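All values reported here derive from a predicted model rather than from experimental measurement. Letters go in sequence order (proteins before strands), and every chain restarts at 1.
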There are 4 protein chains.
Amino acid sequence: MSGSVYGKNFQVSTWGESHGKGIGVVVDGCPAGLLLSEETVQKYLDRRKPGQTRYSTPRKEPDSVEILSGVFEGRTTGTPISMVVYNTSQRSKDYSEIAQYYRPGHADYTFDQKYGFRDYRGGGRSSGRETVSRVAAGAVASEVLKELGVEVFAYTKEIGGISVDEKRAFRENITKSPLFMPDLEASEQAELLLERKMKQQDSAGGIIECVVKGLPAGVGEPVFEKLDANLAKAVMSIGAVKGVEIGDGFAVAGAFGSENNDSFTLGKDGEITKCTNHAGGILGGISDGSDIILRAAVKPTPSIAKAQKTVNCQGEEMEVCIRGRHDPVIVPRAVVVVEAMTAITVLDMLFSSMASSMESLKRFFVK
Amino acid sequence: MSGSVYGKNFQVSTWGESHGKGIGVVVDGCPAGLLLSEETVQKYLDRRKPGQTRYSTPRKEPDSVEILSGVFEGRTTGTPISMVVYNTSQRSKDYSEIAQYYRPGHADYTFDQKYGFRDYRGGGRSSGRETVSRVAAGAVASEVLKELGVEVFAYTKEIGGISVDEKRAFRENITKSPLFMPDLEASEQAELLLERKMKQQDSAGGIIECVVKGLPAGVGEPVFEKLDANLAKAVMSIGAVKGVEIGDGFAVAGAFGSENNDSFTLGKDGEITKCTNHAGGILGGISDGSDIILRAAVKPTPSIAKAQKTVNCQGEEMEVCIRGRHDPVIVPRAVVVVEAMTAITVLDMLFSSMASSMESLKRFFVK
Amino acid sequence: MSGSVYGKNFQVSTWGESHGKGIGVVVDGCPAGLLLSEETVQKYLDRRKPGQTRYSTPRKEPDSVEILSGVFEGRTTGTPISMVVYNTSQRSKDYSEIAQYYRPGHADYTFDQKYGFRDYRGGGRSSGRETVSRVAAGAVASEVLKELGVEVFAYTKEIGGISVDEKRAFRENITKSPLFMPDLEASEQAELLLERKMKQQDSAGGIIECVVKGLPAGVGEPVFEKLDANLAKAVMSIGAVKGVEIGDGFAVAGAFGSENNDSFTLGKDGEITKCTNHAGGILGGISDGSDIILRAAVKPTPSIAKAQKTVNCQGEEMEVCIRGRHDPVIVPRAVVVVEAMTAITVLDMLFSSMASSMESLKRFFVK
Amino acid sequence: MSGSVYGKNFQVSTWGESHGKGIGVVVDGCPAGLLLSEETVQKYLDRRKPGQTRYSTPRKEPDSVEILSGVFEGRTTGTPISMVVYNTSQRSKDYSEIAQYYRPGHADYTFDQKYGFRDYRGGGRSSGRETVSRVAAGAVASEVLKELGVEVFAYTKEIGGISVDEKRAFRENITKSPLFMPDLEASEQAELLLERKMKQQDSAGGIIECVVKGLPAGVGEPVFEKLDANLAKAVMSIGAVKGVEIGDGFAVAGAFGSENNDSFTLGKDGEITKCTNHAGGILGGISDGSDIILRAAVKPTPSIAKAQKTVNCQGEEMEVCIRGRHDPVIVPRAVVVVEAMTAITVLDMLFSSMASSMESLKRFFVK
């Protein structure tokens, strides 16, 4: 049954396969009047584009987005925004072989089990190329959020065990690092590690961190549609993500209450604020006005040239070496995807928070 | 807007506050013909009942469930199953004080910000008591799954940094440990730690692990309604959970592709299986036929007697010591809650997988 | 799969059978701060109570509602409002016979086909008693709408072919007529007809009309979540309703464009308004600021004492006379049910309209 | 907020404006393995194509559909099917004038009120051209249903008061009539009426009937997701539809119970069946195994050349004559749209009925 539609009031509906005609998304529920152009969306897409550094596949995919509906005279109309990126660089022969066996760490086997057969070209729908749609939709959400003073940004926190050192981390470094790491020293070390892994025909994993700034308190709907619950779903739905955490995340397991609780205090303008932010900006599933902080654990690229044991579709054991143009690490290109899913979710939940009280409802409807 | 309804085809709708008249749930979408009694549901609820060990609040809450609808002559009818647990042991005076200030680590502040005021008695809707509804609904889901040969069970993996040792872990130990730990030696150490923390008027966090056995391959709907994505939401929606991971989870960040990929091989009956299960039973968001494995990070109980800084509703800084009957650790009582949310999610997604192919549809509808 | 949850952002989840322990509803998404008491909800329920006139079943059902959650110190808290009406007057023996055969015009046969068996007592879940939940939920929605200046009211338009004459129709007559007809002369004629039908052991159908006043323009989300589309679903979901129309409804089929179009004009304050209201207040699925007008066609009570042919569960043809306490007409008691479903739908769609433009979003979120 | 996504498990997401780049739909939840080609979908689209007779606009729109995803080697893959029809025949100058005023009977005014401005070219998103997406999605649903032995077809029942005579109605006539009427005599009369109306610069309305054959008993989820409730929403969401009825529909208002009840009887193979079908194949919201019958009332085309009063965007009263290429009647081209929305809804509800009982669930999952 359906599974490619996400969101409740800001809904995105994605489609497309790695080697089909294209990849696209319909964004439904975007408010009317937002300035939106293909150039704006393209900027977000360019951040996941392959071929930018030697740590991403050398495939050349211009990935030019086209807006097909929902924008009139430069502004969104409130009706669905359909966007498409036509595929141009598929070398289908590269992939014909993989029709015959199940690649370890990939969804070949589960797709066959579920659907009876699969579009094997480049992974079909299970390819990372599917995230083009997420990024295009995330661009729209981010642009709406910006207008409301809410900013979402993500970066690489760790690759292959090499972590960003908070003391050396600066936001302006993110775009200077080919791995989108805010600590350039860590970035260099990680690059060396990746070189080694590439020589070993292997791949590495890592951690992406995402921050939301400027979100007002009160966003999130207990007890199931909590802000953190929806962020967890959004980010875990990205291929290769195997864990999600908010604030201190798994570290809370070893912390004690007196350490983990964030004390409330008064800010310099007398406003209520927190002394620390172990909670990652969410209490009881509702934003508390401080930064939202989440992290995603990303597994190493499953496509590696190193020999691996597997089984073919005829049910025979065999050995495979996955050739072709594969990233030695997924993390850097997934940074903007995590950001996109976060933005979509935050905007959707912002909409949901508009009717929390009679007072806010009356302010809206009663003149 | 609404947030207390969960699930797409197997939907649960929960209600109730800590110190209101009761706590309840409506389970909609349970197939007709399931044997179901109050005794069956009660067994699940008893596992989260307070007052069972000295590591849980000494409040006595019989928490007797009553089934109000949806069952006729001992079997479910296919119509909504309404269940209620009336509250009997609320000492409202214990809580009147907390109306005046914002407890650190609690949702007092965010509820006030969102709704304008709050039911402050025992935390109201944001109380852990809300999970009674989840467990009752989870009981129904688990019973359906059992009939299909699918088993869901959870246990404590870690408390305050003390972890279960796989070599000493046995499933039959789980119910022998007051902390629901499958390793009795670790359990004893954790108990000692909790004693210490109680004396220090402090609290501890931990990790819960949940396993699903017998789930057929093919469950999960890419790209957003993936099995892992929905499990992440389900588990993250539980109060105090700050992180969720599947399979190796955050450990994948430091692993390499050649280690993290699970090779396919042939089982003893010639069936396709995996040599390892780093993926936790999910590939591309779809179950692969092996055990589903997930973990949740649970923060330390925020209510501690130790003095903490905070702010009162008049906007003045103050110091608080949260008195009353509070668990020094949330983990043991949350074990059955994680299990419940997992069962609900797995059943819901199982329903969604019934129309994956024309072949399965025809088997169902064409005679 | 689930089917007893209605609404997107204002969600109601209903449960209960005619002769089970009770009937109830969970209302999720009601804004915090609304004054709400059991007395208020009771007033709505009393309008569908049986035994008020000789044209409704003489069963005495006090139908006293109890609010179990979501209200604190007289006001809604923003969390789910659980309401229950315990059943008190079930004479199960009256109904035991109907377990054996399929009553014409009832859902006995389809429930058996769908679920394998059924709670046959008084129709179980398919009983009109299920609408108690709808009315209780509708009461909450109506109270919210009132605060926003939106009023929803319904009345009987026609019974057994006897129609209200617009020239004699006055709103204040509605509660004076035992059939809730705004034209007292038509009401008397309809009463005589019902007397005749009761003697003939037969029953009559009719039409209910519902009006929404004060709804601002701009409510409704094209192209599927149109206001009229959702009203049609809401009203058609009421048992016994076989048709729904908006504005001129089926009469448009015989009208010509020049007659059916509503010309725009300027009102006395220079505001844009319509000369006529053939559209029933909805253009392109969006409210246009004039009265919303809808009608529902209600079939005659299927339970009649007159002999009818049918089949029993053993697959034998037989004849039945449905004895017991049945209304000779469903319409009057369904008036408040149509009103309730309309109010729920209008409120839900009002919520959805809050993010239609960046301008309204900014007014809400940017200070 | 979002409104262009329809369905729960078989979900369609539509986009596009009359004079934008194109019109499209993403169909999510179609089972894998269905034979599907552009030719198949095109056949359905050709039935709503303009320019086929003199009773439809002489605009030439080839309306060629392109499938962009979800089909591999001639079969659906179970992943989203994206379809697009690029717009080729927009004469934007025809429409520039209507930017200045509010056309009576159109959504110009409500779009402006809701969104602040509108894409005025040809009605933008509120144009009937939007139904291209519905028909393309309906084609997919119909093809799935056919494989299951379920057939959906619609035809014109009435135009401008001229009704089909059941005695002269034959299914094979439908495609012979330029108005898709199964009674060729009525068709001729209706054609004469339309000629007259065209000369008078006016337009006519009518009624469309749709029949579903072969649907098994048991489809529909009480109490809100009833089959008739969802059909009502689906059909009412089509622009110009102002009423929906099931079976005898509004005629039940004047019928008595003894006439309106359908007696059960035994068929020639001993199966349970009904003597009549006043209910239109639905009892208690669940299909009963007989034909589903529904009707939609369609208003006259609002665009007429006859002079009408209206108001311009500057708030001045004025007179307009809507020139351009408009159908004198919407009905014939809407026939396939009603059929499409019915097919989509029936298939979606069929999916929902797969988990009605433990028995059916076990048949599916337990080997």
Engineer: Tell me, side chain or backbone of Val223(D) under 4.5 Å from chain C's heavy atoms, or both, or neither?
Structural biologist: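 Both parts, heavy atoms under 4.5 Å.
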Engineer: Please name the pair of heavy atoms, one in Glu158(D) and one in Ala253(C), separated by the smallest distance, quoted to 0.1 Å.
Structural biologist: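 Glu158(D) and Ala253(C) have their closest heavy atoms at OE2-CB, 4.0 Å.
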Engineer: Please classify the contact of Met341(D) with chain C as side chain, backbone, both or neither, using a heavy-atom distance under 4.5 Å.
Structural biologist: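 When you check distances to chain C, only side chain atoms of Met341(D) fall under 4.5 Å.
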Engineer: Do you know which of Ser353(C), Ala240(C), Ser352(C) has the most heavy-atom pairs under 4.5 Å to chain D?
Structural biologist: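 The candidate making the most pairs under 4.5 Å is Ser352(C).
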Engineer: Considering only heavy atoms and a distance below 4.5 Å, find which of Gly116(C), Gly247(C), Ala355(C), Gly206(C) pairs most often with chain D.
Structural biologist: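 Sorted descending by pairs with chain D, the first entry is Gly206(C).
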Engineer: If you count the non-hydrogen atoms of other residues, nucleotides and ligands that lie under 6.0 Å from CD in Glu359(C), is the total more than 12?
Structural biologist: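 Counting neighbours around CD of Glu359(C), 12 or fewer heavy atoms of other residues, nucleotides or ligands fall under 6.0 Å, so no.
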Engineer: Which one of Gly220(D), Ser356(D), Ser357(D) has the most heavy-atom pairs closer than 4.5 Å to chain C?
Structural biologist: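 Of Gly220(D), Ser356(D), Ser357(D), Ser356(D) has the most heavy-atom pairs under 4.5 Å with chain C.
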Engineer: Taking side chain as everything from C-beta outward and backbone as N, CA, C, O, which of these in Ser287(C) sits under 4.5 Å from a heavy atom of chain D? Side chain, backbone, both or neither.
Structural biologist: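 For Ser287(C), backbone heavy atoms alone lie under 4.5 Å from chain D.
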Engineer: Over all heavy atoms of both residues, which pair between Leu283(D) and Thr110(C) is shortest? Give the atoms and the distance, please.
Structural biologist: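 Looking at all heavy atoms of both residues, the closest pair is O-OG1, 3.0 Å.
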Engineer: So which of Ile304(C), Asp288(C), Asp228(C), Leu266(C) has the largest heavy-atom pair count under 4.5 angstrom toward chain D?
Structural biologist: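 Among Ile304(C), Asp288(C), Asp228(C), Leu266(C), the one with the most close pairs to chain D is Leu266(C).
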Engineer: Contact part of Lys306(C) toward chain D, heavy-atom cut-off under 4.5 Å: side chain, backbone, both or neither?
Structural biologist: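 Just the side chain, heavy atoms under 4.5 Å.
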Engineer: Looking at Ala217(D), Ser4(D), Ser2(D), which makes the most heavy-atom pairs under 4.5 Å with chain C?
Structural biologist: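 With the most close heavy-atom pairs to chain C, the winner is Ser4(D).
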Engineer: Lys299(D) versus chain C, heavy atoms under 4.5 Å apart: side chain, backbone, both or neither?
Structural biologist: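 Backbone plus side chain of Lys299(D), per the 4.5 Å heavy-atom cut-off to chain C.
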Engineer: Against chain C, label Leu231(D) side chain, backbone, both or neither, depending on which of its atoms sit under 4.5 Å from a heavy atom there.
Structural biologist: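 Looking at Leu231(D), nothing touches chain C.
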Engineer: Give the minimum heavy-atom separation between Met1(C) and Glu221(D), together with the two atoms involved.
Structural biologist: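 That would be O-OE1, 2.6 Å.
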Engineer: Side-chain contact, heavy-atom cut-off 4.5 Å: Lys274(C) with Tyr102(D)?
Structural biologist: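 They are not in contact (no side-chain heavy atoms under 4.5 Å apart), so the answer is no.
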Engineer: Out of Gln201(D), Met318(D), Lys197(D), which one racks up the most heavy-atom pairs below 4.5 Å with chain C?
Structural biologist: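 Of the options given, most contacts go to Lys197(D).
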Engineer: Which region of Ile162(C), side chain (C-beta onward) or backbone (N, CA, C, O), has a non-hydrogen atom less than 4.5 Å from a non-hydrogen atom of chain D, or is it both or neither?
Structural biologist: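 For Ile162(C), no heavy atom lies under 4.5 Å from chain D.
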Engineer: Nearest 0.5 angstrom please: Thr273(C) OG1 to Tyr109(D) OH, how far?
Structural biologist: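 Thr273(C) atom OG1 to Tyr109(D) atom OH measures 7.5 Å (nearest 0.5 Å).
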Engineer: Could you check whether any side-chain heavy atom of Ile286(C) comes within less than 4.5 Å of a side-chain heavy atom of Gln113(D), counting everything from C-beta outward?
Structural biologist: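 Heavy-atom side-chain distance check fails, nothing below 4.5 Å.
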Engineer: Report the option among Ala107(C), Gly254(C), Ser263(C) that has the most heavy-atom pairs separated by less than 4.5 Å from atoms of chain D.
Structural biologist: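 Greatest number of close heavy-atom pairs with chain D: Ser263(C).
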Engineer: What pair of heavy atoms forms the shortest contact from Ala297(C) to Gly249(D), and how long is it?
Structural biologist: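 Distance-wise, the nearest heavy atoms are CB-O, 4.0 Å.
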Engineer: Contact part of Tyr101(D) toward chain C, heavy-atom cut-off under 4.5 Å: side chain, backbone, both or neither?
Structural biologist: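 Contact with chain C is absent: no heavy atom of Tyr101(D) under 4.5 Å.
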Engineer: Quick one: what part of Lys8(C) sits under 4.5 Å from any heavy atom of chain D, side chain, backbone, both or neither?
Structural biologist: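 Just the side chain, heavy atoms under 4.5 Å.
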Engineer: Which answer fits Lys242(D), side chain, backbone, both or neither, if we ask what part of it has an atom under 4.5 Å from a heavy atom of chain C?
Structural biologist: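 Interface part for Lys242(D): both.
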Engineer: Out of Ser203(C), Gly161(C), Ser303(C), which one racks up the most heavy-atom pairs below 4.5 Å with chain D?
Structural biologist: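 Between Ser203(C), Gly161(C), Ser303(C), the count favours Ser203(C).
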Engineer: Any salt bridge linking Lys233(C) with Glu225(D)? Criterion: basic side-chain nitrogen under 4.0 Å from a carboxylate oxygen.
Structural biologist: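 Answer for the salt bridge query: yes.
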Engineer: Measure distances from Lys309(D) to the heavy atoms of chain C and classify the residue's part below 4.5 Å as side chain, backbone, both or neither.
Structural biologist: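 Both backbone and side chain of Lys309(D) come within 4.5 Å of chain C.
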Engineer: Measure distances from Val331(D) to the heavy atoms of chain C and classify the residue's part below 4.5 Å as side chain, backbone, both or neither.
Structural biologist: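 Neither the backbone nor the side chain of Val331(D) comes within 4.5 Å of chain C.
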Engineer: Return yes when atom CD of Glu317(D) has more than 12 non-hydrogen atoms of other residues, nucleotides or ligands closer than 6.0 Å, and no otherwise.
Structural biologist: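 For Glu317(D), atom CD is crowded (more than 12 foreign heavy atoms under 6.0 Å).
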Engineer: Under 4.5 Å heavy-atom distance to chain D, tell me which part of Val235(C) shows up: side chain, backbone, both or neither.
Structural biologist: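 Contact with chain D involves no heavy atom of Val235(C) at all.
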Engineer: Quick check on the interface: out of Ala296(D), Gly160(D), Pro302(D), who has the most heavy-atom pairs with chain C under 4.5 Å?
Structural biologist: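 Counting heavy-atom pairs under 4.5 Å, the top option is Pro302(D).
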Engineer: Counting only heavy atoms closer than 4.5 Å, note whether Thr301(D) contacts chain C via side chain, backbone, both or neither.
Structural biologist: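 Contact with chain C: backbone only.
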Engineer: Closest approach of Tyr115(C) and Pro222(D), non-hydrogen atoms and distance?
Structural biologist: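 Nearest heavy atoms, Tyr115(C) then Pro222(D): OH-CD, 3.7 Å.
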Engineer: Looking only at heavy atoms, what is the nearest atom pair of Phe250(D) and Val244(C), with distance?
Structural biologist: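 So the minimum-distance heavy-atom pair works out to CE1-N, 3.6 Å.
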Engineer: With a 4.5 angstrom heavy-atom cut-off, could you sort out which part of Lys114(C) is near chain D: side chain, backbone, both or neither?
Structural biologist: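 For Lys114(C), backbone and side chain are both near chain D.
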Engineer: When rounded to the nearest 0.5 angstrom, what is the spacing between NE2 in His106(D) and CG in Asp262(C)?
Structural biologist: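 The NE2 atom of His106(D) sits 12.5 Å away from the CG atom of Asp262(C).
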Engineer: Between chain D and each of Gly284(C), Gly105(C), Gly239(C), count heavy-atom pairs under 4.5 Å; write down the option with the most.
Structural biologist: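 Answer, by heavy-atom pair count under 4.5 Å with chain D: Gly105(C).
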